[in-house]
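Here the structure is laid out as structure tokens; the discussion comes afterwards.
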There are 6 protein chains.
Amino acid sequence: MPYVNIKITREGASGEQKAALIAGVTRLLQDVLGKNPATTVVVIDEVDTDNWGIGGESVTVRRARGS
Amino acid sequence: MPYVNIKITREGASGEQKAALIAGVTRLLQDVLGKNPATTVVVIDEVDTDNWGIGGESVTVRRARGS
Amino acid sequence: MPYVNIKITREGASGEQKAALIAGVTRLLQDVLGKNPATTVVVIDEVDTDNWGIGGESVTVRRARGS
Amino acid sequence: MPYVNIKITREGASGEQKAALIAGVTRLLQDVLGKNPATTVVVIDEVDTDNWGIGGESVTVRRARGS
Amino acid sequence: MPYVNIKITREGASGEQKAALIAGVTRLLQDVLGKNPATTVVVIDEVDTDNWGIGGESVTVRRARGS
Amino acid sequence: MPYVNIKITREGASGEQKAALIAGVTRLLQDVLGKNPATTVVVIDEVDTDNWGIGGESVTVRRARGS
């Protein structure tokens with residue numbers, strides 16, 4: 001019954017990679033806490049780099065500067 | 001003053017259906033808890049089926065398999 | 001398969017009231033969008049009035065002032 | 001290390017405006033709580049006006065009516 | 001730089017189990033997407049069973065009935 | 001009408017500090033985007049250090065090690 005929300009920058013994650021995240025986090029919750037995979041929900045949000053900030057700057061600006 | 005976030009898969013919910021969700025959940029909070037509808041906020045997120053997982057698989061894969 | 005998060009101020013909502021929110025929002029999603037109630041997840045967060053702001057002030061301060 | 005999520009209606013906020021939100025909220029957390037800006041994460045979600053409700057109505061409907 | 005939020009019912013997860021979730025999901029994001037573990041943030045929310053609904057009922061009620 | 005969620009570790013932020021966060025972020029949204037402070041909602045979540053991970057470890061463990 002767990003609910004997991006994964007937020008990443010939108011930079012071309014493939015369907016296979018997103019499937020691997022869903023499978024992996026569902027298995028982790030089963031292994032660590034015995035949670036039933038059938039009712040584990042995972043939602044992935046892909047966020048534009050203009051809309052993600054760290055260190056007081058957007059990722060767009062950081063990438064442009066090379067950091 | 002409540003805040004409600006509704007996440008559904010992106011599968012063509014119409015403007016009328018989303019309006020019905022907003023009206024319905026606002027009324028529910030008024031009926032059950034006496035919350036003021038004027039300040040009840042509802043945000044609906046529509047999530048791609050590749051980005052929604054249940055049972056360790058994406059909804060895209062489940063739909064393709066017919067479950 | 002929808003996921004709903006309801007945030008309210010922590011002011012003594014009873015178990016019965018919270019059960020009514022869970023039942024009501026699950027039914028609403030079934031009525032409006034045909035969503036399967038068996039896999040609809042609802043999470044209620046009760047937030048201290050010190051930690052909820054509206055109009056630039058905490059609810060604690062607004063209540064003390066009588067608004 | 002704080003995490004801040006800002007949700008606004010999608011109405012043409014520019015990259016400069018979003019950068020100002022990221023810089024401003026990061027500085028606020030440093031000024032008020034001494035939080036390290038290097039690890040402060042800010043995520044901005046822009047939400048369609050059909051998907052944002054207040055007062056039991058979508059923002060789309062309210063704007064059309066002129067309120 | 002990913003941000004992960006894991007919501008589980010509050011039922012006595014230990015510090016070791018929560019540490020295993022944090023380590024496991026951080027490693028998963030590195031393995032699948034090459035994300036830098038140093039800036040991966042994980043927040044675990046433990047939710048009272050009265051406040052978690054599935055199938056239109058709270059987990060408290062479901063557990064009492066034995067399902 | 002914006003909604004802002006601020007997550008910080010639970011380490012004794014005072015009512016005054018939380019009020020300053022609420023006032024500051026509400027003013028920022030008014031200054032940058034012209035948002036009406038009367039309907040800006042801010043919710044602060046204070047998270048136990050066992051439940052917050054960065055760099056693959058909980059904040060509890062990092063603090064104990066002195067980093």
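Quantities reported herein were computed from a predicted structural model and do not represent experimental measurements. Order of the sequence lines sets the chain letters (A, B, ...), proteins ahead of strands, with each chain counted from 1.
Looking at heavy atoms from C-beta onward, E:L28 lies in side-chain contact with A:V25 at the 4.5 angstrom threshold.
Closest heavy-atom contact between E:P2 and A:I8: CB-CG2, 4.0 Å. In terms of heavy atoms, E:Y3 sits closest to A:W52 at N-CH2, 3.9 Å.
With a 4.5 Å cut-off on non-hydrogen atoms, A:E11 touches chain E through its side chain but not through its backbone. For a residue to count as touching a neighbouring chain, one of its non-hydrogen atoms must lie under 4.5 Å from one of that chain's; by this rule A:K18 does not touch chain E.
For the set A:I54, A:T39, A:V59, the count of heavy-atom pairs under 4.5 angstrom toward chain E peaks at A:I54. With respect to chain E, the highest number of heavy-atom pairs below 4.5 Å among A:L21, A:L29, A:I6, A:T40 belongs to A:L21.
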Practice prompt. Start with the C-alpha distance between E:T9 and A:M1, add both sets of side-chain angles, then the distance that settles side-chain contact (heavy atoms from CB on, under 4.5 Å), and finish with yes or no.
Written response: CA-CA 8 Å; E:T9 44; A:M1 222 160 27; 4.2 Å; yes
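Interface with chain A: from residues 41-51 of chain E, no residue qualifies, criterion being any non-hydrogen pair under 4.5 Å.
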